[in-house]
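Here is the structure we will look at.
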Amino acid sequence: MVEWTDAERTAISTLWSNIDVGEIGPQALSRLLVVFPWTQRYFSTFGDLSTPAAIAANPKVAQHGKTVMGGLEIAVKNMDNIKNAYAKLSVMHSDKLHVDPDNFRVLAECITVVVAAKFGPSVFTAGFQEAWQKFLAVVVSALGRQYH
Amino acid sequence: MSLTDKDKAAVKALWAKISKGADAIGAEALARMLVVYPQTKTYFSHWPDMSAGSGPVTKHGKKIMGGVALAVAKMDDLSGGLLELSELHAFQLRVDPANFKILAQCLQVVIAIMFPNDFTPEAHVALDKFLSNVALALSEKYR
């Protein structure tokens, strides 16, 4: 059971309420596909991923970025029970999508970079960064839990 | 994942933009590392003050960025260029090499915060590769 301090809860809800899923999601996924290009293996049906510009302009990437980021909402709404809230998603990523769970960790890093760039130093303080990375670490762990 | 000529050029271009702020980047990244990854505090138990803006953190952040600047300069031969630093980390400091990755992540977050328009995905991949190679060079003498 994850223990959240009040400060951490405040940080997560403050950040989440100011995150535009339609903006952050596409940016984070595009960044993942550029910075960790082997992740493109999961998106062979997405069309042109040949250059960073193509990736940034790709509508399927943008749409999927929104979907993935939307999945984080489940965690935000179930902070005291992320493990169970993500059980079905975990099974899906393992059994249906066959995604190597290390990808969750690197996507979380990309999300963090994009969020940091968006919010800047006065909002994304060290304390907020700690809470945000802890939150994403819990999400990553929950998503990897049902793998067998 | 060795550095291509394109990677090297991208890192040098990014460094040219951020190097004036290097001391601030180093101090901020170190301060954040101590908060976000509290296990890293074990290496600094001799510091009276580990908070952001404190003397030890500011001074040490600057020292770390000096090492990064050296790595940028010696990019074509990181093993050779960072030999002495590797020996320092291996035999004296004995920092667990897993921490190089942790600090690299904090550096990237701070660069994203301070230089959001310059830290494009292309710059990010080049820097990530570069810092991984720096970590490798620093780890060389460990065993």
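All of these numbers come straight from a predicted model, not from anything done at the bench.
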(request) Under 4.5 Å, counting heavy-atom pairs only, tell me which of A:Gly120, A:Pro37, A:Pro121 racks up the most with chain B. (result) A:Pro121
(message) Between B:Leu93 and B:Leu83, is there shared hydrophobic-cluster membership here, with clusters defined by ILVMFWY side-chain heavy atoms closer than 4.5 Å?
(response) no
(request) Report yes if the side chains of A:Val34 and B:His124 come closer than 4.5 Å at any heavy-atom pair, otherwise no. (result) no
(message) Does B:Asp5, at its CG atom, have more than 12 non-hydrogen atoms belonging to other residues, nucleotides or ligands within less than 6.0 Å?
(response) no
(request) Could you tell me which non-hydrogen atom of A:Val35 sits nearest to which non-hydrogen atom of B:Pro121, and how far apart they are? (result) CG2-O, 3.8 Å
(message) Which heavy atom of A:Phe36 sits nearest to which heavy atom of B:Asp128, and what is that distance?
(response) CE2-OD2, 3.7 Å
(message) Given heavy-atom pairs under 4.5 angstrom as the criterion, report whether the side chain, backbone, both or neither of B:Glu122 touches chain A.
(response) both
(request) Treat each ILVMFWY residue as a node, draw an edge where side-chain heavy atoms are under 4.5 Å apart, and state whether A:Ile74 and A:Trp16 are in one component. (result) yes
(message) Any heavy-atom pair between the side chains of A:Phe119 and B:Ile113 that's under 4.5 Å?
(response) no
(request) Mind listing the closest non-hydrogen atom pair of A:Thr112 and B:Gln105 along with its distance? (result) CG2-NE2, 4.2 Å
(request) Measure distances from B:Tyr37 to the heavy atoms of chain A and classify the residue's part below 4.5 Å as side chain, backbone, both or neither. (result) side chain
(request) May I have the step-by-step check of side chain to side chain contact (heavy atoms under 4.5 Å, CB included) for A:Gln129 and B:Val35, ending in yes or no? (result) CA-CA 9 Å; A:Gln129 182 186 344; B:Val35 170; over 6 Å; no
(request) May I ask you to check whether over 12 heavy atoms, not counting those of A:Lys118, lie within 6.0 Å of atom NZ? (result) no
(request) Return yes if a side-chain donor-acceptor contact under 3.5 Å exists between B:Gln108 and A:Glu109, otherwise no. (result) no
(request) Please say whether more than 12 non-hydrogen atoms of neighbouring residues, nucleotides or ligands are located less than 6.0 Å from CZ in B:Arg94. (result) no
(request) Would you mind reporting whether A:Lys134 and B:Val36 have side-chain heavy atoms less than 4.5 Å apart? (result) no
(message) Is it true that, when you exclude B:Lys8 itself, more than 12 heavy atoms of the residues, nucleotides or ligands shown sit nearer than 6.0 Å to its NZ?
(response) yes
(message) Using heavy-atom distances under 4.5 Å, tell me whether B:Met1 contacts chain A through its side chain, its backbone, both, or neither.
(response) side chain
